Every structure is written in structure tokens, then in C-alpha cells.
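Working notes, structure below.
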Amino acid sequence: MASPPPIDAAAYAERRGRFLHRLGGVAAVIPASSLATHHADVEHAFRQNSDFWYLTGFDEPGAVALFLPHCPEHPFVLFVEPRDPTAEVWNGFRWGCEGAVERFGADRAHPIAELPQRLADYLKGAEGIAFRVGRHPAVEPLVLQAWAHQLDRAPRTGSAALGLVAPCPMLHELRLRKSPEELERLREAARISAEAHELARRVTRPGLLERQVQAVIEQHFLERGARGAAYGSIVAGGDNACVLHYTANAAELRDGDLLLIDAGCSLGDYYNGDITRTFPVGGRFSAEQRTLYELVLAAQEAAVAVVRPEATAEQVHDTAVRVLVEGLLELGLLRGSADSVIEQGAYRHLYMHRTGHWLGLDVHDVGAYRLGEHPVALEPGMVLTVEPGLYVSDRLPVPEGQPAIEERWKGIGIRIEDDVAVTEQGHEVLTAAALKAPAAMER
Ligand code: GLY
Ligand code: MN
Ligand code: MN
């Protein structure tokens, strides 16, 4: 199947238009990511800030974008690292100021070194400044200085950007609702991620190291043209699956254990997949493993079925919890009435996380889940994960009044996670190519 094309320049321009409209008279300062130290003087692979990327498609560090609705002649200004043959020999190509204008649609571009002397001028006349404090230590003092400068001059000029506001509500509301082109990119990320899970199940054998399975998954991401893993792949055999953020992936896989794999790719333009599958290392579930697997699957399918316009992520979670709790009561792993167990949270030693999150340019994507008292209603174009699980181990104390866990259940960790887009009619499971029926998990 041909891959959908990356988002084009016109789409970024359209996003900027909508963001500028929402800003009203407020100017926004949106910095790019900086390179992060891995160790000593070695850096991690560059990962662009998703807000900056969403508005520019510009994939270099050391840049700052200004959005200036009060300057209709030049509402989009980019500050970038200038062309520099010596620096480019070491660190690679830069688009420079010329590229920023010609290729990325900036109305004006300047070397980043000029930001300190130019920022205050550009912000002059804005009604406020939208900037996320606490995240951009190199840019923050410059924004605060420019703001202070305006406040100092206000008595004489009669105008000043008096308010410093967060850009998040305006920008993240846009990012929460995916365009048809973005949905295509998420489908592509989901497709590659699903293929990797299918491959992983086929190669898994007792005696392999968890990271040898990780290698198969991540090789597939790269072979299919993705940037790599969207987050640290979790390849967790047996009891390791009960550690939610397990990424050591160093243990040997044992016959009789389950293997939980939570992995997804990140495309060149940062759209992500996020899938979890769990299956028996040796190809056959034990009775206890199958029982709990079927319960998690029932919870996951019931929760996915809730996804439609007007429902809420909270209802998706509550549905999964109710199915899990009722099943655990039947199995004797919980005691009491479903209502009282849920109300007291007396299931949380077995299921301790939420059932999902928004998915997009960030794996845990931006966007509010609640506005004040009210859970946000799902709308077509929103994409969320649905990922209930059960984790039976001794790590957490059994709540008072709940039964001790019999040994036969321990060391079973199961999660099943799909990426689900809200559609006019209900939903589309983007990750359906990764099988999850119990029979398909066996061989
Ligand atoms: N892999 C992170 C998550 O599932 O949320
Ligand atoms: Mn995941
Ligand atoms: Mn997830």
C-alpha cells in the first residue's frame, strides 16, 4: 500500500492562520526544542517540540517562532540558526533565514542570535504575550525582559502587552482535533506499529532476550521509514509486565510466561502509534493467563465500543473498570459489590492506571480531558488510546477487606491497547491490524 504523503506546506499555513485567528490581539512566542544531553558531550537524537512543529514543520533546534496578529504585514516571524558551513559540517544542513522564508513560509526570518534585541520591538502593540513559562529556559528570560520593557514604557506609549498568558488552551484545542490529513498520518503510524507487533509475536520463543524482540520491532519501524520508536519500547516477559514503565528489556523470555509488548513508531513528521499486545511466550496460555486475558479483552472491547461523539474519555475508563471489577469479583480476586469496590478504588492494586490518553504528535497528546467540572465530550477527529490491563503481583498491598492473591495468579501482567479515532458514526480502530483474539495469540 502506498504511504500517505506527509503534511504539506499549505496545511501548516492553514494551521497558522487558525492559530493567529484564535490569538486575537495576543502575540505568541513558540520556541523549538533544544538538543538534550545524553551523557558527557553526546546528545540525544533531535526531537522537535510538537507545538512548534505543528505550526511550522521546521525540524531544527535553536529556533523561535513569533505569531503576531497585530502585525498583518508579517504575522509569522522565524528566528533560526543561520547557514554556517563549519557548523553544518559537524551537525548537518540548516535551512537558514532564506530557507525559513522560502521553504517554511515565514514572512520574515532572522538569525536566532538577534532575538534578544528584536523581540521587544516585535511584541510592541500586542495586547498580551502567549508563552509557556517553565519549559524553555533559554527563551524565557528574553520574553520576561521584553514584557517588563513594555510595562515600563506603558505610561508613555499608552499601550503595552500587559498580560502573559499560556498559549496552550488556544493551540492545544487545535491539536486535539485532527484534520483528515493528520488522521491519514496516524493511520500510517498505526499500520507500521501493528505490523511490528505481528512480526514480534511470530519471532518470540523461550530463550530469547526481551531486547531481541525489541530489535525486531524497532528494525521494522526503521525499515518502513519511521523515525524509530515513539517512546521507550516496553518488552516485558512474565512479572516484568507488572512494572508499567519497564524498559530495561534485558531478561530472558521463559516458557510459561506471558510477554507484554507496548511499542509504537514515530513517523518522520512525528505522528505516533501506541499499541500494546500480550501473548504467551511458549504459544499456549495457561488456564489462569487465558482467563485474565479474556477479561482484559472484554473490558477493552467494551471500552472501545463506548467511543463515539458526545461520549467522554471518562465513560471509556469507567466502562473498562466496571467490566474488570465484575470479572475479578467472579474469579474471587476481589470481594464485595461492584459498586462499592469501584467507589473505594479497591481494585487499584490490580488495575492502577487510566484507560487511555489523547494521541497525536505527542504520544500522550495535548488537550484537556476536563474543563472545570465537565469531562470533554468526544468529537470526530479526536484520537485516543484504549488500554486497560491487569497486573497481578505482590508490589502493592491488598486493600483491607480484599482477598489475598493466590500464587497461581501472580506474575501475570496483561494490557491490550488500541488507537481509536472518533468518527461521525462512532469510531475507527486504527490499530486493528494487530490481532488480539485469544486464539490468534496462540500457536
Ligand atoms: N506507552 C505509553 C502508554 O501506553 O501510554
Ligand atoms: Mn502504550
Ligand atoms: Mn498509551
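Since this is a predicted model, take the numbers as computed values, not measurements. The chain is numbered in sequence order, starting from 1. As the structure lists them, so they are numbered: ligands from 1, and atoms in each ligand from 1.
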Short N/O distance, under 3.5 Å, between E417 and ligand 1? yes

Among the N/O/S atoms of E417, which is closest to the Mn ion (ligand 2)? Give the atom name. OE1

Relative to F19, does R22 satisfy both conditions: NZ or CZ under 6.0 angstrom from the six-membered ring centre, and within 45 degrees of the ring's axis? no

Flag the pair R277 / I261 as yes when at least one side-chain heavy-atom distance between them is below 4.5 Å, and no otherwise. no

Under 3.5 Å, is there a donor on one side chain and an acceptor on the other for E210 and Q214? no

Is the Mn ion (ligand 3) less than 2.8 Å from at least one N/O/S atom of H357? yes

D274 and ligand 1 - part of the residue with a heavy-atom distance under 4.0 Å: side chain

Based purely on interatomic distance, does R415 place a nitrogen or oxygen under 3.5 Å from a nitrogen or oxygen of ligand 1? no

Could you tell me the angle subtended at the Mn ion (ligand 2) by OD1 of D274 and OD2 of D262, rounded to 10°? 150°

What is the name of the N/O/S atom of E387 that is nearest to the Mn ion (ligand 3)? OE2

Check the angle between the aromatic planes of Y293 and F285 and answer parallel, tilted or perpendicular using the 30° and 60° thresholds. tilted

4.0 Å heavy-atom contact, H364 with ligand 1: yes

Starting from the C-alpha separation in whole Å, work towards a yes-or-no answer on side-chain contact (heavy atoms from CB on, under 4.5 Å) for V143 and L164. CA-CA 9 Å; V143 173; L164 186 64; 4.3 Å; yes

Ring geometry between Y351 and Y391 (parallel below 30°, tilted from 30 to 60°, perpendicular above 60°): parallel

